[in-house]
Each structure stands twice: as structure tokens, then as C-alpha cells.
Amino acid sequence: MTPREVWTDLAAYRAATAELAPRVRPGTGVEAIRVVEGRGAWWERLVDASAFVVDEPDPAPVAAHDRLAAIGVPVAVVRRRLRADIVADAGAEALALRHIVIDAWGGRTDAAALLRDAVGWARVLAGGPLSVVDRADATAATTLALRGPGGVGVSVTRAIGGGVGGALTATALGTRRLEVRVDSASPLPEVAFDDEGGRRIRPVRRESPERLALRRILDATEAGAAVSDLAELAADDAVLRHPSR
């Protein structure tokens with residue numbers, strides 16, 4: 001098996017590349033998997049590679065998402081508050097869903113991305129696209145009333161405080177209760193289900209987000225499978241653009 005090259009200057013991805021040897025090795029060039037930092041106009045840097053990993057992208061405008069929809073190569077998006085493996089854990093048990101509540105809080109610098117990740121969890125738990133019923137913005141908080149497939153109600157609140165980073169709690173209520181807790185200060189998210197049988201906590205995921213992203217993009221390229229990360233990012237960014245009333 002010929003190893004794929006990973007093109008990155010980020011130390012965490014270099015470490016992940018070493019962990020995944022011999023499937024990958026450091027390198028550059030148009031056949032490499034290129035890691036792109038998500039600050040600023042990150043979409044303009046998705047060039048000259050056969051696949052990409054975008055690390056913590058800032059919200060993007062409609063025109064950028066329109067351009068990305070036609071990119072033609074696999075792109076994995078790293079959102080540490082919305083990891084693919086934690087999403088899979090949250091779907092491990094049926095809920096017969098009735099309502100979703102997302103509470104997020106964090107610093108002002110990362111406020112837009114934090115709100116977008118909270119919306120992402122709302123979309124995941126609702127099981128499909130969201131429509132905006134209402135939005136209210138205050139100096140240090142935003143509240144969204146959303147509707148998911150089948151008319152499921154969703155409430156998303158983001159509060160802004162001091163410091164950097166952010167955390168969120170996602171709660172889905174149905175025949176059983178699902179709670180997801182994610183904190184940028186902790187590498188160990190928690191997924192728990194509650195019902196009349198008691199509380200069940202899913203096994204802790206200890207793989208680094210960088211290693212997970214490289215594994216996902218490798219699996220996609222080797223299998224020729226599509227990656228839905230960009231479409232999901234576009235859907236979540238679209239909710240953020242809804243104006244306040």
C-alpha cells in the first residue's frame with residue numbers, strides 16, 4: 001500500500017500523521033491531503049490538493065458555500081464541538097423525539113462559530129434540516145427558535161462571557177432523554193441516555209480530533225465515498241444568517 005501524503009504545518013496534524021503511519025506520511029503536492037486552517041477566507045485556500053481537512057472554519061458567506069459545493073474533491077471539516085464520532089454515539093439509541101434544547105456559552109472571539117456548532121447539534125438531533133421560527137439578539141446572548149423535521153421544536157441559546165473557547169449542552173427529550181456535553185477545555189465529551197432503566201453513559205472517545213479527521217478523509221478517498229461535511233456546514237451557516245426580529 002502506497003502511503004498518502006499529508007500537507008500541513010500544524011504540529012497536532014503532524015503528530016496525527018505519525019500515529020497513522022504507514023497509511024500516511026508528511027509531504028506536499030497536488031496528490032496530498034492538505035490541512036487548511038479555518039481562519040479568515042479559508043475557502044480560498046482549498047487549492048492544489050486531492051483532498052482537504054479544514055480545521056475549525058469561521059462562518060462563510062453564501063458565495064463561498066456556492067463555490068465549495070462544486071469543489072469536486074473530498075473535504076473533512078474539523079469542528080471539535082461537533083465531532084463525527086460523538087454524533088454517532090448520540091444516535092446509538094432511538095428517542096421518539098419531542099423537543100430539543102441547546103445551551104452554549106463561551107468567549108466573544110469564537111461566538112459565531114460556537115452558535116453555529118450549537119445549531120449543528122440541533123440539526124443532528126432533529127435528524128434533518130432546520131427552519132428558523134424566530135431569533136432574538138441581546139448584547140451578550142442570542143436565542144433561536146427552530147423547527148426540525150416533523151415539526152419538532154428546537155431552542156438554541158448562546159451566551160457570551162469572558163475568556164476564549166466555549167462549551168455546550170445538547171438535550172433531546174423523547175421516550176428517553178439524551179444529553180451531550182462538550183467543552184473546548186476538555187478533550188472528553190460525554191454522551192448519556194436516561195430512561196426508566198437508569199443512566200447509560202457512552203464509552204469515552206479518546207482519539208484526537210486531528211487523527212479522527214485524517215482517518216475519515218483517508219477512508220473516504222480510499223472508498224471513493226462522498227463526505228457531507230461541507231453541506232452540513234453550509235446548512236448551519238445559513239441558519240446563522242437569519243436576521244433578528
Side-chain angles (χ1 to χ4, degrees), residues 56-60 77 79-84 86-163 165-186 189-196 199-202 228 231-245:
E56 293 292 352
D58 287 339
V77 178
R79 300 164 70 177
R80 287 169 178 80
R81 292 180 291 254
L82 191 63
R83 290 173 50 130
I86 306 304
V87 167
D89 286 342
E93 298 187 25
L95 299 174
L97 191 62
R98 296 192 181 114
H99 194 69
I100 299 167
V101 178
I102 316 289
D103 291 311
W105 57 98
R108 191 169 299 278
T109 301
D110 201 30
L114 175 61
L115 180 59
R116 194 220 12 238
D117 290 347
V119 168
W121 269 112
R123 170 183 48 78
V124 165
L125 297 182
L130 302 168
S131 59
V132 180
V133 177
D134 202 357
R135 172 173 179 159
D137 290 291
T139 303
T142 294
T143 300
L144 291 167
L146 309 172
R147 184 176 291 113
V152 171
V154 183
S155 171
V156 176
T157 301
R158 181 218 46 208
I160 299 173
L168 62 84
T169 299
T171 306
L173 304 173
T175 52
R176 54 176 53 89
R177 180 179 186 271
L178 163 67
E179 184 176 81
V180 180
R181 292 180 176 271
V182 182
D183 190 335
S184 60
S186 170
E190 180 180 282
V191 177
F193 294 90
D194 294 280
D195 57 21
E196 68 276 7
R199 186 173 180 85
R200 296 172 301 285
I201 300 175
R202 298 288 297 176
S228 61
E232 293 165 359
L233 190 71
D236 298 342
D237 274 349
V239 172
L240 260 63
R241 288 192 292 271
H242 193 278
S244 177
R245 292 185 182 178

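Along the sequence shown, residues are numbered consecutively beginning with 1. As the structure is a prediction and not an experimental result, all values here were calculated from the model.
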Residue pairs involving residues 111-129 (criterion salt bridge (Lys or Arg N to Asp or Glu O under 4.0 Å); sequence neighbours excluded): R79-D117, R81-D117, R116-D237, R123-D236
Tell me which donor-acceptor pairs under 3.5 Å the side chains of residues 151-163 have, and how far apart each pair is, sequence neighbours excluded?
from: R158; atom 1: NH1; to: A111; atom 2: O; distance (Å): 3.0
from: R158; atom 1: NH2; to: T142; atom 2: OG1; distance (Å): 2.7

Measure across [X] and [Y] and return the closest heavy-atom pair with its distance rounded to 0.1 Å.
| X | Y | result |
| --- | --- | --- |
| A126 | I100 | N-CD1, 3.4 Å |
| G106 | L114 | N-CD2, 3.6 Å |
| A94 | T175 | O-OG1, 4.4 Å |
| V132 | V239 | CG2-CG1, 3.9 Å |
| G120 | L82 | CA-CD2, 3.9 Å |
| P149 | G128 | CG-CA, 3.7 Å |

Under 3.5 Å donor-acceptor, S184 side chain and G166 backbone: yes
E179 side-chain N/O to T169 backbone N/O, donor-acceptor pair under 3.5 Å: no
With rounding to the nearest 0.5 Å, note down the distance linking [atom1] in [X] to [atom2] in [Y].
| X | Y | atom1 | atom2 | value |
| --- | --- | --- | --- | --- |
| I201 | F193 | CD1 | CZ | 11.5 Å |
| T171 | D103 | OG1 | CG | 7.0 Å |
| L240 | L115 | CG | CG | 4.5 Å |

With the side chain counted from C-beta on, respond yes when [X] and [Y] share a heavy-atom pair under 4.5 Å apart, and no when they do not.
| X | Y | value |
| --- | --- | --- |
| R202 | E93 | no |
| W121 | V87 | yes |
| L130 | L144 | no |

Evaluation steps, side chain to side chain contact (heavy atoms under 4.5 Å, CB included), between L178 and V191: CA-CA 7 Å; L178 163 67; V191 177; 3.7 Å; yes
Heavy-atom neighbours of R176 CZ exceed 12 at 6.0 Å: yes
R181 atom CZ: more than 12 heavy-atom contacts under 6.0 Å: no
